[in-house]
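Read the structure below first, then the notes.
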Amino acid sequence: MGADPRLVQALRASDGAGALRDLDREGLLTALLPELEAGRGFIQPALHYYDVLDHSLAAVAAFDALVGNGLDGTELRGESAWIDWGESVNREVDSLPLVSLIRLACLVHDIAKPATAVFADDRLRFPRHGPRGAEILRERLPAAGFGEPAT
């Protein structure tokens, strides 16, 4: 079946964050990954600047900056010269460049925060949102057309 070509195209774009934001503006991002919608407007503690969905999109933008040709990317490659970043992130898994799957990971890394939110000790906390997110994605990614290796 394969993942939706619009999502794959956004994940492959040199400006992945911008392409994913475009999908969101068109109403397609959360149609393709419905669990992301709960993060829209879900305010996080003061430590975070964005709601959960915008935080996830900002994580993609930060990753794009690190693998890009701007100052952040240049500094990363300079500080980690022993790694061939081009070769590493362009390897393929399920016919998708690893860079695309890392963008996807950035996008969904907090997907379970709204579902796990609790107030404890007068603070909003998200216990086990990582493992719960993995459970959600173990079902969602194959349903969205991603193969087992990519999932």
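FYI, side chains are in, hydrogens and waters are out, and symmetry mates aren't considered; it's all heavy atoms of this structure.
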Those residues that, when tested against Glu75, pass salt bridge (charged side-chain N to carboxylate O under 4.0 Å, His left out) (two or more places apart): none

Kindly list each side-chain donor-acceptor pair under 3.5 angstrom involving residues 141-151, sequence neighbours excluded, with atom names and distances?
| from | atom 1 | to | atom 2 | distance (Å) |
| --- | --- | --- | --- | --- |
| Thr151 | OG1 | Gly147 | O | 2.9 |

Shared hydrophobic cluster, Leu32 / Leu29 (ILVMFWY, side-chain heavy atoms < 4.5 Å): yes

Sidechain-backbone polar pair: Asp51 side chain, Asp54 backbone, donor-acceptor under 3.5 Å: yes

Check ion pair Arg123-Asp121 (N to O, under 4.0 angstrom): no

Spacing of CG belonging to Leu104 relative to CG belonging to Leu137, to within rounding of 0.5 Å: 7.5 Å

Cluster link Leu23 to Val8, ILVMFWY, side chain under 4.5 Å: yes

Side chains of Asp24 and Leu53 in contact at under 4.5 Å (non-hydrogen atoms): yes

Leu28 reachable from Leu107 in the ILVMFWY side-chain graph, under 4.5 Å edges: yes

Test side chain to side chain contact (heavy atoms under 4.5 Å, CB included) applied to Val108 and Ile136, step by step: CA-CA 10 Å; Val108 300; Ile136 290 168; over 6 Å; no

With sequence neighbours excluded, residues passing side chain to side chain contact (heavy atoms under 4.5 Å, CB included) with Ser80: Leu76, Trp82, Ile83, Trp85

Remaining members of hydrophobic cluster (4.5 Å side-chain criterion), Phe126: Phe42, Val52, Phe119, Leu124

Pairs touching residues 77-91 that satisfy salt bridge (Lys or Arg N to Asp or Glu O under 4.0 Å), sequence neighbours left out: Glu87-Arg91

For Glu37, salt bridge (charged side-chain N to carboxylate O under 4.0 Å, His left out) partners two or more places apart: Arg40

Euclidean distance, Leu20 CG relative to Asp64 CG, rounded to 0.5 Å: 8.5 Å

Nearest atoms (heavy-atom pairs only) where Arg103 meets Ser14: NH2-O, 3.6 Å

Side-chain heavy atoms of Leu101 within contact of Leu11, under 4.5 Å: no

Flag side-chain contact, heavy atom, 4.5 Å: His55 against His109: yes

Where Gly27 and Ala31 come nearest, the two heavy atoms and their spacing: O-CB, 3.5 Å

Side-chain heavy atoms of Asn69 within contact of Thr74, under 4.5 Å: no

Results of side chain to side chain contact (heavy atoms under 4.5 Å, CB included) for Arg25 - residues two or more places apart only: Arg21, Asp22

Set of residues satisfying ring pair (Phe, Tyr, Trp, His ring centres under 6.0 Å) with respect to His129, sequence neighbours excluded: none

Salt bridge (charged side-chain N to carboxylate O under 4.0 Å, His left out) partners for Arg128, two or more places apart: none

Within 6.0 angstrom of Glu92 CD, more than 12 heavy atoms from elsewhere: yes

Side chain to side chain contact (heavy atoms under 4.5 Å, CB included) evaluation trace for Asp72 with Val67: CA-CA 8 Å; Asp72 291 329; Val67 296; over 6 Å; no

Salt bridge (charged side-chain N to carboxylate O under 4.0 Å, His left out) against Arg132, all qualifying residues, sequence neighbours excluded: Glu135

With Ala38 via side chain to side chain contact (heavy atoms under 4.5 Å, CB included) - residues at least two apart: Pro114

Other cluster members, Val118 - Ile/Leu/Val/Met/Phe/Trp/Tyr, side-chain contacts below 4.5 Å: none

